[in-house]
J.: 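Mind having a look at this structure? Questions to follow.
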Amino acid sequence: MQPPQMMGYDRAITVFSPQGRLYQVEYAREAVKKGTISLGIVYSDGVLLAADKNVSEKLMVPGSIEKIYRVDKHIGAATSGLVADGRRIVDKARVMAQSHRITYEESMAVDSLTKEICDYQQLHTQVAGVRPFGTSMLIGGVDGDARLFETDPSGSYWEYMAAAIGENSDKVRDYFTKHYKQDMSRDQAIELALKGMRSADSSRFNEQNIELAYVEKGGKFDILSQDDCRTYMSKLSISKKKKE
Amino acid sequence: MQPPQMMGYDRAITVFSPQGRLYQVEYAREAVKKGTISLGIVYSDGVLLAADKNVSEKLMVPGSIEKIYRVDKHIGAATSGLVADGRRIVDKARVMAQSHRITYEESMAVDSLTKEICDYQQLHTQVAGVRPFGTSMLIGGVDGDARLFETDPSGSYWEYMAAAIGENSDKVRDYFTKHYKQDMSRDQAIELALKGMRSADSSRFNEQNIELAYVEKGGKFDILSQDDCRTYMSKLSISKKKKE
Amino acid sequence: MQPPQMMGYDRAITVFSPQGRLYQVEYAREAVKKGTISLGIVYSDGVLLAADKNVSEKLMVPGSIEKIYRVDKHIGAATSGLVADGRRIVDKARVMAQSHRITYEESMAVDSLTKEICDYQQLHTQVAGVRPFGTSMLIGGVDGDARLFETDPSGSYWEYMAAAIGENSDKVRDYFTKHYKQDMSRDQAIELALKGMRSADSSRFNEQNIELAYVEKGGKFDILSQDDCRTYMSKLSISKKKKE
Amino acid sequence: MQPPQMMGYDRAITVFSPQGRLYQVEYAREAVKKGTISLGIVYSDGVLLAADKNVSEKLMVPGSIEKIYRVDKHIGAATSGLVADGRRIVDKARVMAQSHRITYEESMAVDSLTKEICDYQQLHTQVAGVRPFGTSMLIGGVDGDARLFETDPSGSYWEYMAAAIGENSDKVRDYFTKHYKQDMSRDQAIELALKGMRSADSSRFNEQNIELAYVEKGGKFDILSQDDCRTYMSKLSISKKKKE
Amino acid sequence: MQPPQMMGYDRAITVFSPQGRLYQVEYAREAVKKGTISLGIVYSDGVLLAADKNVSEKLMVPGSIEKIYRVDKHIGAATSGLVADGRRIVDKARVMAQSHRITYEESMAVDSLTKEICDYQQLHTQVAGVRPFGTSMLIGGVDGDARLFETDPSGSYWEYMAAAIGENSDKVRDYFTKHYKQDMSRDQAIELALKGMRSADSSRFNEQNIELAYVEKGGKFDILSQDDCRTYMSKLSISKKKKE
Amino acid sequence: MQPPQMMGYDRAITVFSPQGRLYQVEYAREAVKKGTISLGIVYSDGVLLAADKNVSEKLMVPGSIEKIYRVDKHIGAATSGLVADGRRIVDKARVMAQSHRITYEESMAVDSLTKEICDYQQLHTQVAGVRPFGTSMLIGGVDGDARLFETDPSGSYWEYMAAAIGENSDKVRDYFTKHYKQDMSRDQAIELALKGMRSADSSRFNEQNIELAYVEKGGKFDILSQDDCRTYMSKLSISKKKKE
Amino acid sequence: MQPPQMMGYDRAITVFSPQGRLYQVEYAREAVKKGTISLGIVYSDGVLLAADKNVSEKLMVPGSIEKIYRVDKHIGAATSGLVADGRRIVDKARVMAQSHRITYEESMAVDSLTKEICDYQQLHTQVAGVRPFGTSMLIGGVDGDARLFETDPSGSYWEYMAAAIGENSDKVRDYFTKHYKQDMSRDQAIELALKGMRSADSSRFNEQNIELAYVEKGGKFDILSQDDCRTYMSKLSISKKKKE
């Protein structure tokens with residue numbers, strides 16, 4: 001908490017604090033940290049995205065909760081933070097990708113799309129009358145290479161081999177730093193994803209909450225069914241009880 | 001109540017609190033909680049919507065109070081919260097559904113309509129000069145499957161098999177969690193609805209306050225007359241006195 | 001009065017209080033309560049509207065004070081609250097009714113007009129740069145049935161068999177709850193109106209202050225002359241002295 | 001003076017106080033009360049308007065001070081309050097009257113003009129970015145009947161047989177209530193006007209400060225010359241010394 | 001100085017104080033009072049304008065300082081207050097006079113121009129986003145008669161036979177009240193002007209600071225050269241030392 | 001520093017203080033005073049402009065720092081204050097001069113350009129949403145006569161024979177008042193400029209910091225090279241050590 | 001930290017402090033100082049740009065982090081400060097350079113581009129509704145000569161032979177002031193850059209973090225690969241351990 005004499009610097013987006021900080025952007029990041037976890041992993045043939053869907057109630061229809069979105073044939077995205085903000089950013093990304101396809105008759109490069117989305121988010125940190133988006137995204141896609149980007153409410157982005165956003169994502173990142181290997185197979189990537197996710201919060205970890213998707217070279221884009229998830233989880237001998 | 005040094009974060013929509021919260025959206029949810037209860041239940045052939053119409057005065061004309069709206073041939077909605085806000089959102093939904101029908105010559109999918117409405121609500125949380133809508137909706141419809149969505153002032157939405165919004169809706173949700181069954185008949189659904197509603201506040205429970213409607217596969221959409229309600233209530237042996 | 005730490009929630013329309021309340025709308029209702037009384041009664045053949053014109057000064061020209069307005073051939077309205085706000089809302093209603101007539105070549109239904117006016121009022125509670133209207137209306141009309149609606153600064157509305165708005169309207173409502181009967185004749189309705197009004201504040205009650213109008217099936221719309229009012233009052237043996 | 005916890009309700013037009021009051025409108029009325037007096041009287045053949053021109057300095061050119069304006073052939077107006085605000089409202093009225101004449105090929109009814117002016121003033125109490133007009137008007141005219149209206153910064157208006165606005169206008173109103181008679185001649189009306197004005201503040205009362213004008217049936221509109229005023233004052237034996 | 005509880009009423013133009021005052025307009029008048037003196041005198045054949053140019057530094061070019069402006073062939077103006085505000089108002093006046101000439105093929109009446117300028121200034125006291133002009137003007141012109149008007153930041157104006165604005169203008173006004181005579185010659189007017197100006201502040205009084213101009217019937221408009229001023233001052237035996 | 005009860009008058013441009021002052025304009029003048037010195041001198045054949053370029057670092061490229069700008073063939077300008085503000089004003093001036101040339105097929109008079117620039121600056125003191133320019137200019141040019149103007153953030157301007165703006169400019173002005181002579185040659189003007197500048201702050205005085213330019217009758221406009229400056233300084237026996 | 005009575009001057013861009021300072025611009029400079037270091041060096045044949053890419057995590061893809069941008073064939077730029085702000089400014093610069101090329105059929109001069117970018121940044125310090133850019137740039141290019149400019153959030157710019165921006169840039173500047181030599185070869189420039197960067201923070205110094213690029217006469221523009229960087233670093237015998 002900042003001392004009283006600091007009050008006010010954090011209540012309008014268009015204002016710097018004396019330390020050159022934009023408090024509203026930092027607070028938007030807090031919204032991201034409150035979101036359930038999403039992660040991405042680059043493997044030999046593509047990118048894997050995984051997310052905790054947070055199915056907290058028995059009567060909720062799990063299949064209806066989307067945390068991983070298909071942006072274009074070759075690009076997927078997972079979000080953390082304010083759900084409705086994330087959905088709007090994803091819609092924006094879809095339109096950008098379609099526009100590109102129609103204008104240039106080719107699919108959009110993953111980094112171009114990431115940059116364009118981030119420019120849109122940056123505007124929301126500099127112009128009065130709007131607030132920053134309370135969402136971060138993992139954008140994974142294949143355009144020749146498999147690429148994975150993380151975006152930030154400030155409009156910054158970084159490319160990673162494996163990354164995680166949302167609550168307890170630092171634990172997952174630590175797990176990835178220790179166990180990530182180049183040129184994994186898809187199955188190895190899924191195993192890493194599931195183990196990473198379990199490392200964040202094993203108490204919540206179960207197959208109903210997990211959403212898995214991958215984009216691979218050659219145009220393969222799959223969001224796995226709950227059955228497939230379960231299969232993977234059993235195949236990989238990953239269960240709630242067993243601690244690594 | 002937040003401490004004094006927190007003051008100000010909750011007085012403008014476009015501002016995050018240091019914890020990454022949007023207070024105005026949370027306060028709008030309080031408006032929803034103050035509204036009388038609405039609920040929805042998916043059963044074998046369709047979706048049932050029910051609402052407490054809050055006919056509090058003897059000279060009020062009960063039939064004139066709408067809490068359940070017909071959005072399109074195949075979609076209904078029940079609202080809780082600020083009545084006028086809810087009415088405007090429903091009008092918006094009607095226009096969206098009609099536009100879709102005219103543009104694509106087919107009826108709009110229930111989830112598409114829900115998403116479009118929620119995007120409209122999200123905008124009211126990010127742009128200056130407007131406040132969020134103080135209303136939540138249960139959107140029930142049939143497009144092949146029977147589907148039931150709950151919306152939130154933030155622009156989030158979730159799909160449920162049975163859900164309730166408004167005052168004491170947590171009691172109804174508990175009741176549903178315990179007693180909801182797959183593949184109920186319409187009569188069973190109505191019984192569950194009436195019993196659920198009675199569980200929230202039995203003192204207010206009477207046939208004049210209840211509004212019931214259902215949407216079923218094959219295009220059947222009915223808002224029940226007061227007589228029909230009374231019939232159901234007596235047929236099901238549900239009365240104010242008898243506690244379950 | 002709210003405590004100091006509550007300050008600020010009630011100074012901008014687009015802001016919810018932590019309890020989900022819109023203070024500006026509630027304060028606008030206070031303006032309505034300060035207005036002189038208006039009332040409406042549905043009887044067998046139509047709707048009666050009555051109002052206290054508040055002719056407080058000897059040199060004022062009573063006939064020039066309008067509290068009951070003809071909105072269309074078949075719809076009248078009585079307002080309470082800020083006089084100038086009421087006048088503007090009534091003008092808006094007249095334009096809506098005329099537009100409908102021209103566009104669809106039929107007269108507008110009473111509930112449609114009520115809804116459209118209320119949507120206009122709701123907008124004034126959600127958008128920055130304007131304040132809510134400090135006025136409520138009783139809209140009485142005949143479109144097949146005789147109907148009577150009450151509107152609210154929030155944009156809500158309710159249908160009644162008999163209703164009253166403005167200062168001391170709760171006393172009149174109590175009187176109506178006790179004495180209202182279905183299928184009264186016009187004379188019975190006028191008697192009920194005059195007695196109801198006297199119950200609110202017998203000290204102010206005299207024929208110069210009363211304005212009476214009725215809309216009946218078959219297109220009869222009359223705003224009674226002061227003479228007619230006096231006739232009715234004597235015929236019904238209602239005088240200032242005699243208490244019921 | 002309102003207590004500290006009330007502060008802020010009166011600093012923005014678009015905001016109601018917890019009591020449903022619009023402070024800015026009430027303060028604008030204070031500006032009216034600070035203006036020098038204007039009055040109007042309906043007599044048998046027309047309407048008389050009179051005003052105190054406040055010629056306070058010897059080198060001022062009295063004839064250049066206008067407090068009574070010719071709005072149209074058949075309508076005059078006298079203002080109290082902020083002089084420049086009054087002048088702008090009068091200009092607006094002139095344009096309205098001319099527009100009506102051109103559009104409908106007939107002169108505008110006095111009450112129609114009054115209503116239209118008041119609607120314009122009401123808007124200045126509800127919309128952000130402007131302040132209310134700090135002026136009231138007496139609008140006197142002849143359209144078949146002789147009519148006299150008083151307008152208010154809120155956009156309300158009332159019809160009177162005789163009225164006064166501005167500083168000490170309550171004394172003049174009292175005088176009128178006692179001495180006003182139906183069907184006076186023009187000379188009787190002028191006598192009443194002058195005596196009424198003298199009753200407000202006899203110390204300031206002299207012929208140089210008085211402006212008199214009348215509108216009569218048959219299209220007579222005269223703003224009296226200073227000589228005529230002096231003649232009337234001597235003819236009527238009204239002098240500064242003699243108290244009634 | 002207003003007490004603390006008054007704070008805020010004077011920080012936004014569009015806001016009345018509880019006493020019905022517009023503080024920003026009053027403060028703009030303070031800016032006028034801080035300006036060097038300007039004065040005007042009506043004489044037999046025309047109007048004389050005079051101003052203190054405030055040539056305070058030796059290397060300043062006196063001829064470059066304008067305080068008296070030619071608005072049109074027959075109208076001049078002298079300003080006091082914020083110099084740049086005055087210049088903009090004068091430019092506006094020139095455009096108004098030219099527009100009139102082009103539209104109606106005749107020169108604009110002095111009072112019409114004054115009124116139009118004042119309407120423009122009034123707008124700056126009622127609309128948000130601008131501040132009032134910190135300038136007053138003396139507008140002198142000949143249109144048949146010789147006329148002299150004083151304008152005010154509120155948009156009010158008055159006609160005078162002789163007037164002064166700016167610092168110490170009350171002393172000059174007193175001098176004028178004592179010594180002004182009808183039907184003076186131009187030389188007498190200049191003598192009165194110079195003596196009046198000397199009465200305000202004899203220490204500053206010298207020929208380099210004085211600017212003189214006159215407008216006369218028959219289209220004569222002259223801004224006197226410094227030599228002419230010196231000639232007049234010696235001819236009239238007015239010197240710095242000699243006190244009247 | 002103003003006392004607490006004065007707070008707020010200086011935080012918005014469009015607001016007068018109770019003393020009729022515009023604090024924001026006064027603070028902008030402080031920005032001017034913080035800028036390095038610029039000066040101008042009128043001599044027999046033209047106008048000389050000189051400026052301290054403030055080359056504070058060894059690796060800075062001195063030639064790249066502009067403090068004297070060519071506005072048009074016959075007009076130059078030197079600024080003090082916020083560098084970027086000055087540059088924008090100069091660009092504006094260039095466009096104005098070019099527009100004039102194209103529209104009227106003649107070069108713009110120096111005073112016309114000055115006035116137009118100052119009107120632009122005045123607008124930035126009266127309209128909300130912008131701040132005043134934190135810059136003053138010396139505009140020197142030849143249009144028949146050699147003329148030198150100083151502008152101010154308020155939009156005021158004055159003509160001088162010799163003037164200085166920026167830090168310590170009062171010392172230079174004193175020096176000029178003592179030593180300025182009519183009809184100097186260019187060399188004499190340069191000597192006066194260099195000695196004047198040295199009088200302000202001899203410690204900083206060296207040839208690398210000085211920029212010199214002159215505009216002369218007959219269309220000569222030269223910004224002197226650093227070599228020329230050095231030549232002048234040695235020719236005139238002006239060195240850092242020697243004090244006058 | 002400023003004392004309490006100073007509060008408020010630094011919370012809106014369009015406001016000067018009493019000392020003529022624009023706090024928001026100064027705070028934006030703090031954001032620049034927080035950014036990792038960027039530097040530029042002019043050598044015999046061109047300009048070298050270098051930057052610390054801050055690759056802080058093992059799984060980050062270093063090649064994806066851009067701190068040096070190609071603006072046009074002959075112009076590069078390195079930024080420090082808010083990454084997303086810098087990216088937007090660079091995009092703006094690219095469009096400006098392309099527009100110039102298309103309009104004038106020649107490449108844009110380096111100083112023209114710098115000036116145009118800085119005008120854009122200045123606007124963000126004077127107009128309400130936006131904040132200043134939290135970024136500085138080093139713009140290096142070749143247009144006949146090799147030139148290097150540093151920009152500032154205020155919209156100021158300076159030309160240097162060697163410059164550095166960002167965290168600890170003062171240390172690098174000191175190093176450059178001591179060791180910069182005219183007419184270095186490219187290799188010498190790279191050595192100076194690497195040693196300068198190491199002098200700022202030797203603990204972070206390694207080849208993965210360094211990005212190097214040069215623009216040379218004759219159209220050569222290269223952003224060096226990581227291998228090239230490593231080669232240079234070993235060739236130049238610069239290692240983390242060895243301190244100079």
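By convention in this document, chain letters (A, B, ...) are assigned in the order of the sequence lines, proteins followed by strands, and residues within each chain are numbered from 1.
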J.: Where do D/Glu57 and E/Tyr160 come nearest, in terms of heavy atoms and distance?
T.: OE2-OH, 2.8 Å

J.: Report the distance from atom CG of D/Leu59 to atom OH of E/Tyr180, rounding to the nearest 0.5 Å.
T.: 7.5 Å

J.: Please tell me whether D/Asp85 and E/Gln126 have a donor and an acceptor in their side chains that are separated by less than 3.5 angstrom.
T.: no

J.: Under 4.0 Å between a Lys/Arg side-chain N and an Asp/Glu carboxylate O for E/Arg21 and D/Glu30?
T.: no

J.: Taking the basic N atoms (NZ, or NE/NH1/NH2) and the acidic carboxylate oxygens, is any pair closer than 4.0 Å for D/Arg87 and E/Asp119?
T.: yes

J.: If every non-hydrogen atom of E/Ser156 is compared with every non-hydrogen atom of D/Ala84, which pair is closest and at what distance?
T.: N-CB, 3.9 Å

J.: Take E/Gln19 and D/Lys34 through the test side chain to side chain contact (heavy atoms under 4.5 Å, CB included) and record every step on the way to the result.
T.: CA-CA 9 Å; E/Gln19 291 78 37; D/Lys34 283 194 157 48; 3.9 Å; yes

J.: What distance separates D/Leu82 CG from E/Gln122 CD, expressed to the nearest 0.5 Å?
T.: 8.5 Å

J.: Measure the shortest side-chain to side-chain distance between E/Thr125 and D/Arg131 over non-hydrogen atoms and say whether it is less than 4.5 angstrom.
T.: yes

J.: Tell me which of these, E/Ser154, E/Cys118, E/Ala163, has more heavy-atom pairs under 4.5 Å with chain D than the rest.
T.: E/Cys118

J.: Taking everything shown except D/Lys92 itself, do over 12 heavy atoms lie less than 6.0 Å from its NZ?
T.: no

J.: Tell me the closest heavy-atom pair linking E/Phe16 and D/Pro132, and the distance in Å.
T.: CE1-O, 3.4 Å

J.: Specify the closest pair of heavy atoms between D/Arg88 and E/Leu123, including all atoms of both residues, with the distance to one decimal.
T.: NH1-CD2, 3.5 Å

J.: Between CD of D/Glu66 and NZ of E/Lys115, what distance do you get to the nearest 0.5 Å?
T.: 8.5 Å

